[in-house]
Colleague: 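Just passing along the structure, written as structure tokens.
All ligand and atom numbering here is 1-based and tracks the order in the structure. Every value quoted in this text rests on a predicted model; they were computed, and no experiment measured them.
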Amino acid sequence: MNAQTLTDNARKLVDDHKGLLAMDESNPTCNKRFAKLGIPQTVETRRAYRELIVTTPGLGESISGVILYDETIRQQKKDGTPFLKVLDGAGIIPGIKVDTGAKDLAAHPGEKITEGLDGLRFRLQEYFQMGARFAKWRAVISIGEGIPSRSCIEANAQALARYAALCQESGLVPVVEPEVLMDGAHTLERCRKVTEEVLRNVFIQLNCQRVLLEGMILKPNMVLPGLNCPTQESIDEVADITVQSLLRTVPAAVPGIAFLSGGQSGELASARLNAMNVRFKSRLPWSLAFSFARAIQQPALEIWLGQESNIKAAQQALFHRARCNRAARLGEYAATMERA
Ligand code: 13P
């Protein structure tokens, strides 16, 4: 492992006020999103959609890296140009989702453990050879009555840390994603407590597994009230409590924190990220960036609908959301940027 290269690559992912675009939906997840909009669920439609994304003009102005999926990293444009070559031309670093999904955790009803450690070393080596320079692993933590359990948090934190150490061994920057889900009626305060407990455990395990903190990116949830909680705090309150939780739990050696969007609307995710950067940017040890999937892609997907004639308009929508999020990193996002 070359510590300097890992550190440089981690920095590149959050430099210049850019962020990550997650386009690593597994086939079942991608198919589910297509099905909702009546788009056929085939290898070809998934390929065509990913071609739309990677060929979006100007994407590299706001996006430093994209997260691909095993099917996607091997695909090409219709004219035969590999997606990896297209990304290289756009100055975008390719990354790869390497977990194999969240499965039921035995003896823990309602809780999940993310799998994918078996054979991971060899898969990482192959992805590195192909050109990937970073990877992603997502752990999922649900809030509910009596959950999350300590054992679920610890098992997921340890898997994240083992994955991160293996990534660095293979020269890939690990994006470490412990996601506390928004589903439920829990309060903002409960999400804060759970998020802090999860992050504390994650960094204990990362240190235990000897992960180089300078050579990783943290991808957490924002601290939010549950979707069904009657009290929905303001953008500024969410910004304040999220940053406070991160300051309590994330070591200063970590170069960047790139939030997931978790099902927030594109506008709200941008507004909240913007508020954090407006209120705290000069006082933080790490960059506050984004690694959104739905909050960047959803409007484009809804315009595309599988139709070739909609590609240009969909690409404009994708470019727009990416640009809004770069503005949010600068603290320059405003609702007026949204088109009527
Ligand atoms: P969302 O931004 O849609 O939450 O997706 C981020 C991601 O990569 C989930 O693993």
Side-chain angles (χ1 to χ4, degrees), residues 13-14 18-34 36-37 49-50 53 62-73 92-103 112-116 132 134-142 156 159-160 163-164 167 173-184 191 195 198 202 216-224 226-227 238 242 256-273 288-302 317-318 321-322 324-326 328-329:
L13 292 173
V14 290
K18 296 183 191 178
L20 306 178
L21 166 59
M23 50 179 287
D24 61 331
E25 299 82 7
S26 64
N27 291 346
T29 302
C30 189
N31 288 345
K32 222 189 303 167
R33 292 193 186 149
F34 280 10
K36 252 192 194 159
L37 296 169
Y49 177 55
R50 267 62 182 257
I53 295 178
S62 308
I63 300 298
S64 56
V66 297
I67 314 175
L68 303 165
Y69 180 60
D70 186 70
E71 178 179 88
T72 324
I73 197 171
I92 297 174
I93 305 171
I96 180 80
K97 167 193 175 76
V98 299
D99 66 70
T100 55
K103 310 283 160 59
K112 303 271 184 197
I113 178 73
T114 299
E115 295 186 346
F134 71 103
K136 184 194 100 172
W137 178 291
R138 171 174 176 255
V140 186
I141 305 290
S142 296
N156 276 291
L160 276 166
Y163 137 83
C167 281
V173 172
V175 171
V176 173
E177 180 179 10
E179 174 174 8
V180 177
L181 296 175
M182 285 163 71
D183 307 293
C191 180
T195 301
V198 167
V202 165
M216 64 162 277
I217 299 290
L218 178 71
K219 175 164 174 168
N221 51 285
M222 295 182 190
V223 177
L224 301 172
L227 282 172
V238 163
T242 299
I257 295 176
F259 292 103
L260 58 92
S261 59
Q264 304 173 66
S265 72
E267 285 87 349
L268 207 46
S270 298
R272 285 167 169 161
L273 178 62
L288 284 185
F290 56 91
S291 176
F292 298 155
R294 283 163 288 179
I296 293 180
Q297 289 185 40
Q298 197 57 31
L301 185 60
E302 287 170 14
L318 190 83
R321 286 257 57 83
C324 286
N325 288 309
R326 183 167 187 271
R329 284 210 51 191

Colleague: Side chains of L224 and R272, heavy atoms from C-beta outward: is any pair under 4.5 Å?
Modeller: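 Counting from C-beta outward, L224 and R272 do come under 4.5 Å.
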Colleague: Please list, in number order, the atoms of ligand 1 under 4.0 Å from a heavy atom of A22.
Modeller: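 Those qualifying, in numeric order: 8 (O).
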Colleague: Stepwise, does the side chain to side chain donor-acceptor pair (under 3.5 Å) test hold for S142 with D183?
Modeller: CA-CA 8 Å; S142 296; D183 307 293; over 6 Å; no
Colleague: Could you check which of R33, Q297, K219 puts a non-hydrogen atom nearest to atom 7 (C) of ligand 1?
Modeller: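 It is K219 whose heavy atom sits nearest to atom 7 (C) of ligand 1.
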Colleague: Return the closest protein heavy atom for atom 9 (C) of ligand 1 as residue, atom name and distance.
Modeller: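 That would be E177 OE2, 3.2 Å.
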Colleague: Would you give the length of the straight line joining atom NZ of K112 to atom CD1 of I141, rounded to the nearest 0.5 angstrom?
Modeller: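 Going from the NZ atom of K112 to the CD1 atom of I141 covers 12.0 Å.
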Colleague: To the nearest 0.5 angstrom, please state how far the OG1 atom of T114 sits from the CG atom of D99.
Modeller: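 Spacing of OG1 (T114) from CG (D99) equals 5.5 Å.
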Colleague: Would you say K136 and ligand 1 have an N/O pair spaced under 3.5 Å apart?
Modeller: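 The answer is yes, given that K136 and ligand 1 share an N or O pair closer than 3.5 Å.
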Colleague: What protein heavy atom is closest to atom 2 (O) of ligand 1, reported as residue, atom name and distance in Å?
Modeller: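 Heavy-atom neighbour on the protein nearest atom 2 (O) of ligand 1: S261 OG, 2.4 Å.
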Colleague: Using a 4.0 Å cutoff against the non-hydrogen atoms of F292, which atoms of ligand 1 qualify?
Modeller: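 Counting from 1, the qualifying ligand atoms are 2 (O).
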Colleague: Quick one: look at R294 and ligand 1, take heavy-atom pairs under 4.0 Å, and tell me if it's side chain, backbone, both or neither.
Modeller: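 Answer for R294: both.
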Colleague: Closer than 4.0 angstrom: is that true for some heavy atom of G262 and an atom of ligand 1?
Modeller: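 In this structure, G262 qualifies as a contact of ligand 1 - some heavy atom is under 4.0 Å.
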Colleague: Using heavy atoms and a 4.0 Å limit, tell me yes or no: is E179 in contact with ligand 1?
Modeller: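 So E179 does not count as touching ligand 1.
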Colleague: S261 side chain to Q264 main-chain N or O, any donor-acceptor pair under 3.5 Å?
Modeller: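 Between the backbone of Q264 and the side chain of S261 there is no qualifying donor-acceptor contact (under 3.5 Å).
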Colleague: Has K97 got any heavy atom lying under 4.0 angstrom from an atom of ligand 1?
Modeller: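 The answer is no: ligand 1 sits nowhere under 4.0 Å from a heavy atom of K97.
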Colleague: State, without any angle test, whether R321 and S62 hold a side-chain donor-acceptor pair at a distance under 3.5 Å.
Modeller: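 Note: R321 and S62 side chains miss the donor-acceptor criterion.
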Colleague: So for ligand 1, is A293 a polar contact partner (N or O within less than 3.5 Å, distance only)?
Modeller: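 So ligand 1 has an N or O lying under 3.5 Å from an N or O of A293.
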Colleague: Are any of the side-chain nitrogens in E25 or R294 under 4.0 Å away from the carboxylate oxygens of its partner?
Modeller: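 Salt bridge: no.
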Colleague: Decide if atom NZ of K103 counts as having more than 12 heavy atoms of other residues, nucleotides or ligands within a radius under 6.0 Å.
Modeller: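 Yes, the 6.0 Å shell around NZ holds more than 12 heavy atoms from other groups.
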